[in-house]
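Protein chains get the first letters and strands the later ones, always in sequence-line order, with residue 1 at the start of each.
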Protein chains: 2
Amino acid sequence: MSEDTMTIREMCDAYGVTPRTLRFYESKELLFPIREGQRRHFTKSDRARLKLILRGKRFGFSLEEIRQLLDLYNVGDQQETQYALTYEIGKKRLADMIKQRDELNEAIDDLTAQLAWGEKMIASFSMKKAANC
Amino acid sequence: MSEDTMTIREMCDAYGVTPRTLRFYESKELLFPIREGQRRHFTKSDRARLKLILRGKRFGFSLEEIRQLLDLYNVGDQQETQYALTYEIGKKRLADMIKQRDELNEAIDDLTAQLAWGEKMIASFSMKKAANC
DNA sequence: CGTTACATTTACGTTAACGTCAACTTTCCT
DNA sequence: AGGAAAGTTGACGTTAACGTAAATGTAACG
């Protein structure tokens with residue numbers, strides 16, 4: 001009847017994760033599938049949460065951070081202060097990401113320069129070889 | 001006499017690492033301090049390498065990747081084939097970094113959009129408050 | 001009713017980069 | 001001589017996010 005739920009396999013296929021991952025998330029209280037006997041049934045709410053989890057991961061949040069964010073997100077009729085808190089966490093994370101990207105860009109430039117120098121070296125090897133002929 | 005070297009403690013103080021870290025790096029063949037009996041003595045070369053290691057870490061390289069890159073900086077008396085090999089490693093690593101940066105940029109854009117939405121939410125809270133007055 | 005397919009729980013394994021003892025040895029200082 | 005200070009080598013502990021294997025359960029198909 002309540003075919004609003006999905007089996008573990010359907011979830012895995014839909015979101016590209018493994019069963020182990022879903023059980024793990026449940027054990028960490030990130031998901032709360034309902035049980036029919038032993039079997040898990042993932043609700044619409046679980047799917048929404050999973051989407052947020054995966055997105056959070058792409059942003060570089062840890063599962064524990066994500067759990068806290070989901071909790072805040074979930075108080076339903078959130079209070080302004082709680083929401084603002086979530087917002088602040090997100091802003092901090094964004095700042096970290098931007099810093100990380102900038103550092104990465106620096107490293108890319110450095111390594112590019114280093115490789116250019118390497119090309120010269122290799123060229124000089126060729127010269128030497130040519131000279132020996 | 002050869003006071004061009006530093007003890008482990010001096011290294012730790014100079015670069016903000018622990019003795020364990022330096023010994024660990026040595027065991028991983030990232031550093032090659034000379035020995036006087038048991039004691040380690042870190043040379044100028046070790047210091048240069050350590051600087052590069054720490055920079056690499058800030059950029060998110062693994063120690064193993066750093067070890068390979070250090071070889072690139074170290075060419076010295078390498079043969080051409082070996083040099084070409086390290087060069088290829090560097091190029092691959094650069095490609096990875098660029099990909100990583102692009103992904104990071106995507107995530108940054110996503111999160112930025114998300115935060116913009118969050119600001120609207122917070123604004124609506126304020127509206128509600130104002131309305132209740 | 002037997003087999004095949006999928007689920008479940010339990011629990012140990014994995015990787016990286018060190019931390020944290022423990023048990024010595026060596027050195028310097030008084 | 002005696003003791004603190006600093007150094008050394010094992011070797012086991014830690015964290016995150018699952019992987020993987022074993023033993024068992026159960027549901028559907030033919």
Side-chain angles (χ1 to χ4, degrees), chain A residues 1-3 5-43 46 49-70 93 96 100, chain B residues 1-3 5-43 46-47 49-70 93 96-97 100 103 107:
Chain A
M1 313 307 182
S2 96
E3 261 322 312
T5 70
M6 288 169 67
T7 79
I8 202 169
R9 190 96 292 275
E10 288 167 341
M11 286 290 279
C12 292
D13 294 346
Y15 297 97
V17 296
T18 71
R20 179 68 178 94
T21 299
L22 294 177
R23 296 189 193 110
F24 181 71
Y25 288 170
E26 183 186 2
S27 79
K28 292 289 176 179
E29 305 197 294
L30 290 161
L31 298 177
F32 307 92
I34 55 182
R35 295 304 186 96
E36 190 189 344
Q38 296 249 85
R39 262 70 178 208
R40 289 167 175 83
H41 288 286
F42 295 86
T43 69
D46 288 317
R49 293 172 75 91
L50 182 54
K51 275 184 210 166
L52 291 174
I53 292 169
L54 296 179
R55 206 178 56 172
K57 289 197 60 181
R58 287 210 327 277
F59 292 162
F61 290 94
S62 74
L63 289 184
E64 174 56 20
E65 285 170 335
I66 292 173
R67 195 184 59 74
Q68 291 175 18
L69 290 180
L70 283 178
R93 192 84 259 286
D96 284 356
Q100 194 185 331
Chain B
M1 313 307 175
S2 96
E3 259 322 314
T5 72
M6 289 171 67
T7 80
I8 201 169
R9 188 97 294 277
E10 288 167 340
M11 286 290 280
C12 292
D13 294 346
Y15 297 97
V17 298
T18 71
R20 180 68 179 94
T21 298
L22 294 178
R23 296 190 193 109
F24 181 71
Y25 288 169
E26 183 187 0
S27 79
K28 294 288 175 180
E29 306 197 292
L30 290 161
L31 297 177
F32 307 92
I34 56 183
R35 294 306 185 92
E36 191 190 343
Q38 295 250 86
R39 261 67 179 206
R40 291 167 175 82
H41 289 287
F42 295 87
T43 68
D46 288 317
R47 289 182 313 259
R49 294 173 75 91
L50 182 53
K51 275 185 209 164
L52 291 173
I53 293 169
L54 296 178
R55 199 179 63 169
K57 290 199 57 181
R58 288 207 322 277
F59 295 160
F61 289 92
S62 74
L63 288 185
E64 174 55 19
E65 287 169 333
I66 291 172
R67 197 182 59 73
Q68 292 175 15
L69 286 180
L70 280 179
R93 184 55 210 162
D96 284 356
M97 286 167 63
Q100 192 185 331
E103 284 174 2

task: Could you check which residues of residues 26-33 of chain A get a heavy atom under 4.0 Å from DNA chain D? Sort them by number, please.
output: none
- request: On DNA chain C, check which nucleotide each of B:Gln38 and B:Leu63 is closest to and give me the residue with the more 5' one.
  value: B:Leu63
message: Pick the closest DNA chain C nucleotide for A:Arg20 and for A:Arg23 by heavy atoms, then say which residue is nearer the 5' end.
response: A:Arg23
message: Quick check on C:dC18: is either OP1 or OP2 less than 4.0 Å from any side-chain nitrogen or oxygen of B:Thr18?
response: no
Tell me, do [X] and [Y] make a side-chain contact under 4.5 Å, heavy atoms counted?
X: B:His41; Y: B:Arg35; value: no
X: A:Phe42; Y: A:Thr5; value: no
X: B:Val17; Y: B:Met11; value: no
X: A:Phe61; Y: A:Arg55; value: no
X: B:Tyr25; Y: B:Arg49; value: no
X: B:Leu63; Y: B:Leu30; value: yes

task: Tell me, please, which residues at least two apart from A:Asp96 pass salt bridge (charged side-chain N to carboxylate O under 4.0 Å, His left out).
output: none
- prompt: Which angle, rounded to 10°, do you find between the first-five-pair axis and the last-five-pair axis of the helix from C:dC1-D:dG30 to C:dT30-D:dA1?
  reply: 20°
- prompt: Between B:Arg67 and B:Glu64, is the closest basic N to carboxylate O distance under 4.0 Å?
  reply: yes
message: Using a strict threshold of under 4.0 Å (side-chain N to carboxylate O), is an ion pair present between B:Arg93 and B:Glu65?
response: yes
d([atom1], [X]; [atom2], [N]) in whole Å:
X: A:Phe42; N: C:dC6; atom1: CZ; atom2: C1'; answer: 14 Å
X: B:Leu50; N: C:dC18; atom1: CG; atom2: P; answer: 11 Å
X: A:Arg35; N: C:dA7; atom1: CZ; atom2: P; answer: 13 Å
X: B:Phe24; N: C:dG19; atom1: CZ; atom2: P; answer: 10 Å
X: A:Leu22; N: C:dT9; atom1: CG; atom2: C1'; answer: 16 Å

- request: With the side chain of B:Arg39 defined as its heavy atoms from C-beta on, choose the nearest nucleotide among C:dC18, C:dT26, C:dT9.
  value: C:dT26
query: So where does chain B start and stop touching DNA chain D, 5' to 3', when the test is distance under 4.0 Å to a non-hydrogen atom?
result: D:dA6 to D:dA11
query: Heavy atoms under 4.0 Å, any strand shown: does B:Arg40 hit a base, just sugar-phosphate, or nothing?
result: sugar-phosphate
message: At 4.0 Å (heavy atoms only), tell me whether B:Arg9 reaches a base, stays on the sugar-phosphate, or touches nothing.
response: sugar-phosphate
task: Please name all residues satisfying side chain to side chain donor-acceptor pair (under 3.5 Å) with A:Arg9, sequence neighbours left out, ordered by chain then number.
output: A:Asp13
- prompt: Considering residues at least two apart in sequence or located in another chain, which fulfil the side chain to side chain donor-acceptor pair (under 3.5 Å) criterion with A:Thr43?
  reply: A:Asp46
